[in-house]
Every structure is written in structure tokens, then in C-alpha cells.
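Contents: one structure, followed by commentary.
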Amino acid sequence: MSDLANIDRAVALLKAGELVGIPTETVYGLGADAANPAAVARIFTAKGRPADHPLIVHLPGAAHLDRWVREIPALAYELAEAFWPGPLTLILKRAAGVPDAVTGGQDTVGLRVPGHPVALALLRAFAEAGGSGGIAAPSANRFGRISPTTAAHVREELGDAVPLVLDGGPCVVGIESTILDLSSGRPLLLRPGHISPAAIEAVCGLMPEAPTAAAPRASGTLEAHYAPQTPMRMLPRADIPAFLCSMHDVGRRCGVLCHGGDAPTGSADVWKILPADPVGYAHDLYAALRDLDYAGVDLIVVEAIPVLAAWSAVADRLRRAVCGSGEA
Ligand code: TXA
Ligand code: MG
């Protein structure tokens, strides 16, 4: 499904300082004109997000970087050339005039060019209509909750707070962008995502490093994030049948999130079986967690995933979801 017909209305809303729900290839975003501090402030109110958490500015193309960034390193252009439009956010030194509301008062700004036809059509039309060319957009969920991967999820999360949600169908990637900080010389991986450290190294010859404790704030890096309201815990596949029996015996209802062809045996009230590969798993993860959260179970049991580099972005989201659900 594609909501290209509503682009003009979306541009008018953005220029009037209103919010628009935007499909991207990762998750849906809650967008506002990045150059309008009052519009950006509305994002924080709608999400219930602390005001010092920085937002990602979405651009129609790398040619628009100059307005938002100073001292752009060659590395940024190399990575933009390889991965934009796509699920990679670059943290760079902010240009003068980028509102503090966007950067959380930091000296850096996060930017990406999303790889979704509706998002790109909106960004281009917004720039052509004399807008700033930048749309600040966090994921369109209430703070700390599961990111939306369909337009219906956005309406569930934010309801009347958003006058228009563009419908671009289900998100192709399904988890948030990889965040790479290039502001300090060496690339730092602030958030793992679909674009892996190995893919980044293949382009620029540098393997991203893990940030130190003094790294900038990123709400996607809080321990408790992306969480359902239902308590969650992760168990090895072999332990799930006996665990389900013990829960059943004490009258607790369980939902199970497993992967691969066949579900483990055992009595659970709801089963969700995700694909056995990390890309397919990421694509379906948030919708499955959302369904399990609404299923009215007492506990969500997640089958442990493989401990392999290819699973690191999924492992990151699951770990934070378990932590945020209060059952760590
Ligand atoms: O895939 C995505 O990145 C989605 C779509 C909508 O583009 N957006 C998204 O936004 O996940 P949000 O706000 O939910 O997560 C963005 C993360 C936050 O953890 C934020 O703290 C971090 O990016 N961030 C933004 N600007 C930053 C900066 N200047 N320095 C460090 N972290 C930054
Ligand atoms: Mg988010």
C-alpha cells in the first residue's frame, strides 16, 4: 500500500508546524519540520519523551547535508554513497542554526536519508515547497514502547495526537536504523541495525567501535526500551516445555515467541513463530511482540536466539525489551 496521494496534505501540515506519521523502511516515524522548534516540541509532547533526547533529521539526499552539518568528513560521503537511501543514521557535528530542540542541546546531529518511496516523495516535496528540507522524526511510539511497523500501529500508539499518518504498508526492515557516530574521528556504533559493522568496514576500511561510557545520549541505547507492557523472559529452547508446564500448573497464561519451522512442545496460550533467519526475524519482531502484548497473557516467553554477529541487532532489541518489561 502506498499513500502518495496524501503527500501535498502532509507538506501543508509540516509547513504549518503540525505532526505527520511517516513510513520508512525501518519503522514508522513521527515527523515535524526540523527547523521549527515549536513543531519539534510537539513530537516530545505526543510521545511523552524527555526533551533532552536528540532526534534524527531525515533528508531527501546527501546534497542537503550542508544546511545541518559542519566539517563533513569524507567518510560521511563515502557511507552516504554506499548506504543512502537506507537504514543508516550518521551522527555529525551540527551546523549553526540547527535547533537545540532537535539535538537535545548536543553539538552533534543525527541524519539519514530513508529508503522508502513515500518518505522520499514527502521529503522531496517538502524541500521543493520551500520547507527546510529536514524532517525530524523519532519512531512513532510512546516513549519506551514498541516501535510501530504499520500505519495502524501508529494510530494505536498516538491516536488523535497526529492529524495525518501516511500509509506506506508494513516496514521492510522492521527494526530501527544502525546509528554510527562520526563526530569524534573514529566511527562508533551507537545502535546496531540492519547495516552491520562488517558492511560498514567493507565500504570504509574501518570497523566501528563500541562507544565508551561517556558516549552521547541515545534513548535507543537505554537499557529499558522497545518494551511490551507484559513481562517477558528469554529461555533456551530446551527449557521451554518444562517452564510452560510449571506456569500452567500455577494458572499463569503464557505467550511464546519462537523461531524456525516447528514450535517447541508445551502448553502455551498463544504461539508466534518467526522466521529462522535474522533478517526475516527482525522484519516480524515488533508486530509479533505487539500481538503478544495484546493477547492478555501473564508472561511472554522468548526462545533464545543464536549468539552470532548476524543476530546482534535483534539481540539488542530483545535484551532491551526484556529489561523494559520488568522481568529482566
Ligand atoms: O530507523 C530509525 O532510525 C527511525 C526512523 C523513524 O528513521 N527513527 C528512530 O528514531 O529510531 P528514535 O528517536 O526512536 O531513535 C533515534 C536514536 C535515539 O536513540 C537518539 O537518542 C539517537 O538516535 N540520536 C539522535 N541524535 C543523536 C545525536 N546527536 N547523538 C547521539 N544519538 C543521537
Ligand atoms: Mg524510538
Side-chain angles (χ1 to χ4, degrees), residues 19-32 34 40 43-44 46-59 68-69 83-95 98-116 118-120 122-123 134-149 153-154 157-158 165-166 168 171-184 187-195 211 214-227 282 286 313 316-317 320-321 324:
L19 303 181
V20 176
I22 302 168
T24 84
E25 79 282 35
T26 58
V27 300
Y28 274 70
L30 179 62
V40 173
I43 293 178
F44 291 90
K47 275 185 66 102
R49 176 168 166 150
D52 61 348
H53 284 238
L55 303 175
I56 295 170
V57 177
H58 298 71
L59 302 176
W68 306 93
V69 182
F83 296 117
W84 283 355
L88 177 68
T89 295
L90 298 178
I91 307 293
L92 295 161
K93 290 182 183 163
R94 75 193 262 191
V98 179
D100 280 342
V102 169
T103 66
Q106 300 186 66
D107 191 37
T108 55
V109 58
L111 301 125
R112 85 177 187 100
V113 178
H116 189 290
V118 174
L120 283 173
L122 175 65
L123 285 158
I135 299 179
S139 50
N141 49 283
R142 281 172 299 118
F143 182 63
R145 296 292 167 204
I146 304 166
S147 298
T149 53
H153 293 166
V154 180
E157 285 284 319
L158 300 170
V165 180
L166 293 175
C171 300
V172 173
V173 174
I175 55 171
E176 304 79 358
S177 60
T178 304
I179 303 184
L180 195 66
D181 184 354
L182 298 182
S183 68
S184 65
L188 300 177
L189 185 71
L190 299 191
R191 181 171 72 185
H194 182 70
I195 294 182
R217 293 180 298 269
S219 57
T221 64
L222 293 177
E223 280 306 310
H225 215 70
Y226 314 116
Y286 287 152
D316 170 79
R317 302 312 190 276
R320 291 176 209 286

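Indexing begins at 1, ligand by ligand and atom by atom, following the structure's order.
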Say whether His58, considering both its backbone and side-chain N or O atoms, lies within less than 3.5 Å of an N or O atom on ligand 1.
yes

Take every heavy atom of Arg191, measure it against each atom of ligand 1, and state whether any distance is under 4.0 Å.
yes

Element-labelled atoms of ligand 1 that are located less than 4.0 Å from some non-hydrogen atom of Leu55:
25 (C), 26 (N)

Does any N/O atom on Thr24 come nearer than 3.5 Å to any N/O atom on ligand 1?
no

Ile179 heavy atoms, cut-off 4.0 Å: which ligand 1 atoms fall inside?
17 (C), 22 (C), 23 (O)

With distance as the sole criterion, is a donor-acceptor pair present between the side chains of Arg191 and Ser177 under 3.5 Å?
yes

Have a look at ligand 1 and work out which part of Asp181, if any, has a heavy atom under 4.0 Å from it: side chain, backbone, both or neither.
neither

What are the atoms of ligand 1, with element, lying closer than 4.0 Å to any heavy atom of Thr108?
28 (C), 29 (N), 30 (N)

Hey, does the side chain of Thr103 reach the backbone of Pro54 with a donor-acceptor pair shorter than 3.5 angstrom?
no

Decide, counting backbone as well as side-chain atoms, whether Ser139 has an N, O or S atom less than 2.8 Å from the Mg ion (ligand 2).
yes

Hey, can you tell me if Tyr226 and Tyr286 have their rings parallel, tilted or perpendicular (30° and 60° cut-offs)?
parallel

Give the contacting part of Thr26 toward ligand 1: side chain, backbone, both or neither, where contact means a heavy-atom distance below 4.0 Å.
side chain

Under 4.0 Å from any heavy atom of Glu176, which atoms of ligand 1 are there?
1 (O), 11 (O)

So which bit of Val109 gets within less than 4.0 Å of ligand 1, heavy atoms only: side chain, backbone, both or neither?
backbone

Heavy-atom contact check, 4.0 Å cutoff: does Ile56 meet ligand 1?
yes

Taking non-hydrogen atoms only, is Arg49 closer than 4.0 angstrom to ligand 1 via side chain, backbone, both or neither?
side chain

Where the side chain of Glu25 meets the backbone of Val173, is there a donor-acceptor pair that is under 3.5 Å apart?
no

Taken to the nearest 0.5 Å, the spacing of Arg145 CZ from Ser139 OG works out to 13.0 Å

Between Glu176 and Arg317, does any NZ, NE, NH1 or NH2 come within less than 4.0 Å of an OD or OE carboxylate oxygen?
yes

I'd like to check whether Ser177 has a polar contact with ligand 1, where a contact means an N/O of the residue lying under 3.5 Å from an N/O of the ligand.
yes

Rounded to the nearest 0.5 Å, the CG atom of Leu90 sits from the OG1 atom of Thr108 at a distance of 12.0 Å

I'd like to know if the side chain of His194 reaches the main chain of Thr178, judged simply by a donor and an acceptor atom lying under 3.5 Å from each other, with no hydrogens or angles considered.
no

Does the pair Asp100/Arg94 count as a salt bridge with the N-to-O cut at 4.0 Å?
yes

